Amino acid sequence: MATPQRYTVTAALPYANGPVHIGHLAGCYLPADIYVRYLRQQGRDVQFICGTDEHGVAINLKAQAEGCSPKEIVDRYHEVIRKGLEGIGCSFDIFSRTSKAIHRETAQDFFTKLYEQGSLVEKTTEQYYDTQAESFLADRYIQGTCPNCGFEEAYGDQCESCGSSLSPMELKNPVSRLSGGRPERRETTHWFLPLDHLSGKIEQYIRAHGHWKPNVYGQCMSWLQSGDGLQARSMTRDLDWGVPVPLPQAEGKVLYVWFDAPIGYISATKELLGERWTDYWQREDTKLVHFIGKDNIVFHCITFPSMLMEHGDYHLPDEVPANEFLNLEGRKISTSRNWAVWLHEYVADFPGKEDALRYCLCANAPETKDNDFTWKDFQNRNNNELVAVLGNFVNRVLVLLNKYYDGKLPEVQAPTAAEEQLQKARRQAPDRVAAALERYRFREAQLAMMQLAREGNKYLTEEEPWKTQKTDPSRTEAIMHEAAQTAALLSQLMEPFLPFAAARLRGYLQLDLIPWEKLSDGDLLPAGHRVEKGDLLFEKVSDEAVEAQKQKLEEPAPAEEKHPPLKEEMDFETFTQQDLRVGTITAAEEMPKADKLLKLSVNLGFEQRTIVSGIRQHFDAAHLPGQRVTVVANLAPRKLRGVESQGMILMAENADGMLHFVAPPAEAENGAVVR
RNA sequence: GGCGAGAUAGCUCAGCCGGUUAGAGCGCAGCACUCAUAAUGCUGAGGUCGAGGGUUCGAGCCCCUCUCUCGCUACCA
């Protein structure tokens with residue numbers, strides 16, 4: 001594309017079933033905000049679009065678990081998320097929500113266009129419906145007896161015992177894995193986006209963007225070229241929470257959440273701009289940039305572009321600068337285990353230190369690979385870089401200006417070699433920052449900004465105005481003029497990264513935000529200009545604050561009752577059909593070609609069994625012999641990865657996903673009946 | 001197991017199309033300085049660029065094999 005006339009920048013719509021954490025911020029919202037602030041300073045025409053994604057099954061399930069309506073869930077998290085993101089300085093032009101009427105209309109119009117022009121493939125099938133859970137069941141959520149081999153726990157799509165592929169209707173005695181109840185057959189119709197037919201065009205589109213980051217490009221090509229290639233995807237669901245499918249024959253159906261979510265970008269733009277929204281989505285001279293985390297790559301690079309392509313009126317995404325993931329203190333961020341730094345909590349715990357988090361996350365942004373955030377590093381970055389380098393330089397300048405000149409900027413004088421060096425650094429800094437940002441290299445851009453502060457410190461230390469003040473006061477004037485210009489430029493370059501401190505500094509300097517192209521021109525402050533002494537730009541983070549945050553991480557997850565609902569009642573007869581026995585593991589080895597399976601030998605007293613169990617992630621095979629276990633002994637044998645598994649080991653699973661053996665005490669002999 | 005991405009200084013990371021003595025920030029050691037939040041500046045120590053082979057006049061970069069990490073996916077509880 002030649003120089004774009006305008007920019008549409010989106011940040012992934014956060015899903016409204018929980019708050020946002022620093023991983024989301026580092027991967028998506030922060031880089032997006034930095035980029036947008038920079039574009040605005042450039043005077044470019046840009047709209048920064050975001051909002052919450054409020055549909056889909058997960059929100060339904062969360063509402064059920066908490067005994068409230070989906071609406072209550074999304075209302076709650078919309079606010080938490082919005083406050084967190086805005087609190088950290090994300091400067092959205094709009095932060096909307098997909099539950100709004102304008103979104104429903106936009107998404108429906110989009111669907112209708114695809115439908116009317118025949119882009120969607122309609123398929124009617126008979127599917128199982130769980131009357132208790134009130135939902136249709138995906139193939140995988142149905143279990144029953146295999147018609148070919150009689151295996152009783154075959155899934156709706158495949159029998160794991162004999163390997164034959166099935167359709168749910170072929171199963172005998174189908175059972176819903178959701179409620180455990182017996183599902184009934186109902187006919188249902190869905191509309192599919194034929195990605196399989198579009199794969200040629202999509203591949204062409206991806207190949208035309210070979211400059212995308214390796215992780216993004218590689219992931220896309222992998223999907224295009226893997227095995228069966230792209231599959232037609234259903235764009236509708238049988239559900240009551242979402243955007244209703246705008247067809248008379250589609251009662252009780254909604255658009256698939258991944259169909260409606262990206263359209264949320266479009267509807268939010270409409271809400272913001274009215275008629276003018278088409279400029280930002282349909283004109284070829286607009287640059288469309290999606291900031292996302294790596295989990296969203298396929299949807300933004302393949303599914304969404306396919307939708308836009310089929311629709312026909314739209315410009316396709318130009319850039320998808322997806323980041324990798326951020327770890328926390330060496331471990332993966334985990335929402336369920338509460339191993340996370342929640343954005344809204346940070347904003348509450350560190351008032352006035354919004355920039356510190358922004359700085360640290362940008363410096364450590366997972367641009368090319370997963371990265372680690374530690375509180376110690378956060379403290380170091382804040383204390384040794386923000387405070388010691390940037391804040392300190394600014395403070396030195398403001399203090400000296402006020403001490404010697406009562407805040408009135410002295411006259412310029414003929415530059416010495418030292419001034420020329422600093423002036424050169426000032427001329428180059430805006431270009432360096434800009435060049436890095438244009439390439440989505442945020443760490444490098446922020447470093448270039450900091451480099452100017454280092455130059456400033458070096459200049460002051462070497463020129464020593466506090467000495468010349470005693471020997472040659474006019475020389476001090478020259479030095480302070482130069483130093484002040486450097487602080488002024490910093491107040492501009494800081495803006496994308498550290499907007500809070502930048503605004504404060506501009507306040508002390510009595511300076512407005514200046515268009516980017518004028519930043520390299522020379523002096524930003526005229527001689528005689530008055531500056532205030534101001535306050536410290538940044539404060540240190542104490543050891544105590546760091547310790548407190550680490551402590552907080554160690555606290556167990558808030559006891560949110562997450563126990564799964566009880567299954568359907570069964571009669572005593574059914575219960576007595578299962579034969580549980582005490583056993584002891586005598587040998588354990590890893591199954592080849594499987595990441596989760598262990599092959600166990602179990603002594604049941606009267607016989608030795610081979611049992612394949614999916615617990616490899618949780619236990620080391622070498623430590624298992626001798627482990628006491630409870631075994632379902634009369635379970636039909638089943639082949640897993642070529643090995644017949646003769647029974648099942650009972651495990652207790654905690655809310656955090658950890659597995660624990662249901663181990664009989666030593667007094668219980670092998671083979672003893674459990675009931 | 002399949003696919004994708006990564007492995008570079010104590011730590012966190014750069015390294016464009018293969019080209020001289022492999023870089024930055026932090027940390028560490030020494031020196032200088034005192035305007036500044038014991039802040040700053042300078043100097044220095046530190047790397048068999050995951051391992052092994054290959055292509056090349058020349059490989060951190062290209063090719064092959066292997067190991068480990070992360071993600072998607074498959075096999076589970």
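On a predicted model such as this, the values are computed, not experimentally measured, just so you know. Below, chain A is the first sequence line, B the second, and so on; all start at residue 1.
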Just checking [X]: base, sugar-phosphate only, or nothing, at a heavy-atom cut-off of under 4.0 Å?
X      : value
A:D372 : sugar-phosphate
A:I649 : sugar-phosphate
A:N392 : base
A:L447 : sugar-phosphate
A:V387 : base
A:Y404 : nothing
A:P465 : nothing
A:L401 : nothing
A:I615 : nothing

Using whole Å, what does the distance between atom [atom2] of nucleotide [N] and atom [atom1] of [X] come to?
X      : N     : atom1 : atom2 : answer
A:Y217 : B:G71 : OH    : C1'   : 20 Å
A:Q446 : B:A24 : CD    : C1'   : 14 Å
A:F393 : B:C33 : CZ    : P     : 22 Å
A:F378 : B:G25 : CZ    : C1'   : 17 Å
A:L400 : B:A36 : CG    : C1'   : 8 Å
A:N364 : B:G27 : CG    : P     : 14 Å
A:M221 : B:G2  : CE    : C1'   : 18 Å
A:Y459 : B:C35 : OH    : C1'   : 14 Å

Please determine, for [N], whether a Watson-Crick or G-U wobble partner exists with both distances under 3.5 Å, and give it or none.
N     : value
B:G60 : none
B:C11 : B:G25
B:C31 : B:G41
B:C3  : B:G71
B:U65 : B:A51

**OP:** Please check if the distance between the ring centroids of A:Y440 and A:Y35 is under 6.0 Å.
**Re:** yes
Original post:
Once you round to the nearest 0.5 Å, how far does CE of A:M494 lie from CD of A:Q446?
Top reply: 10.0 Å
Original post:
RNA chain B: A:E367 or A:K332, which has the more 5' nearest nucleotide?
Top reply: A:E367
Original post:
For A:S613 and A:E385, take the nucleotide of RNA chain B holding the closest heavy atom to each; which residue's nucleotide lies nearer the 5' end?
Top reply: A:E385
Counting only side-chain heavy atoms from C-beta out, which of [options] sits nearest to [X]?
X      : options             : value
A:T461 : B:A77, B:C35, B:U40 : B:U40
A:K403 : B:C75, B:U40, B:C35 : B:C35
A:P214 : B:A77, B:C33, B:A5  : B:A5
A:K467 : B:U37, B:C33, B:G71 : B:C33
A:R441 : B:C33, B:A77, B:G15 : B:G15
A:M651 : B:C75, B:A77, B:G41 : B:A77
A:R396 : B:C70, B:A5, B:A36  : B:A36

Taking the same atom, [atom1], in [N] and in [M], what whole-Å distance lies between them?
N     : M     : atom1 : result
B:G60 : B:C66 : P     : 23 Å
B:U67 : B:U55 : P     : 24 Å
B:G30 : B:A36 : P     : 26 Å
B:G58 : B:U12 : P     : 35 Å
B:C31 : B:U69 : P     : 45 Å
B:A9  : B:G4  : C1'   : 29 Å
B:G47 : B:U21 : C1'   : 14 Å
B:G1  : B:A24 : P     : 40 Å

Subject >> A:L460 and A:V397: CA distance, side-chain angles, deciding distance, side chain to side chain contact (heavy atoms under 4.5 Å, CB included) verdict >> reply: CA-CA 9 Å; A:L460 282 185; A:V397 174; 4.2 Å; yes
Original post:
Looking at the angle O4'-C1'-N9-C4 for a purine or O4'-C1'-N1-C2 for a pyrimidine, is B:G46 syn or anti, with syn meaning within 90° of 0?
Top reply: syn
Original post:
Using the ring of each side chain (for Trp, its six-membered ring), is A:H21 parallel, tilted or perpendicular to A:H24, with breaks at 30° and 60°?
Top reply: parallel
Does OP1 or OP2 of [N] have a side-chain N or O of [X] closer than 4.0 Å?
X      : N     : result
A:R454 : B:C26 : yes
A:R432 : B:A24 : no
A:K540 : B:A39 : yes
A:K294 : B:A5  : no
A:N384 : B:G27 : yes

Original post:
Are A:P430 and A:L489 side-chain neighbours, meaning at least one heavy-atom pair lies under 4.5 Å?
Top reply: yes
**OP:** Would you please test A:W339 and A:L328 for side chain to side chain contact (heavy atoms under 4.5 Å, CB included) and show each step?
**Re:** CA-CA 8 Å; A:W339 192 256; A:L328 172 58; 3.7 Å; yes
Are any of the side-chain nitrogens in [X] or [Y] under 4.0 Å away from the carboxylate oxygens of its partner?
X      : Y      : result
A:K424 : A:E455 : no
A:E203 : A:R207 : yes
A:R475 : A:E419 : yes

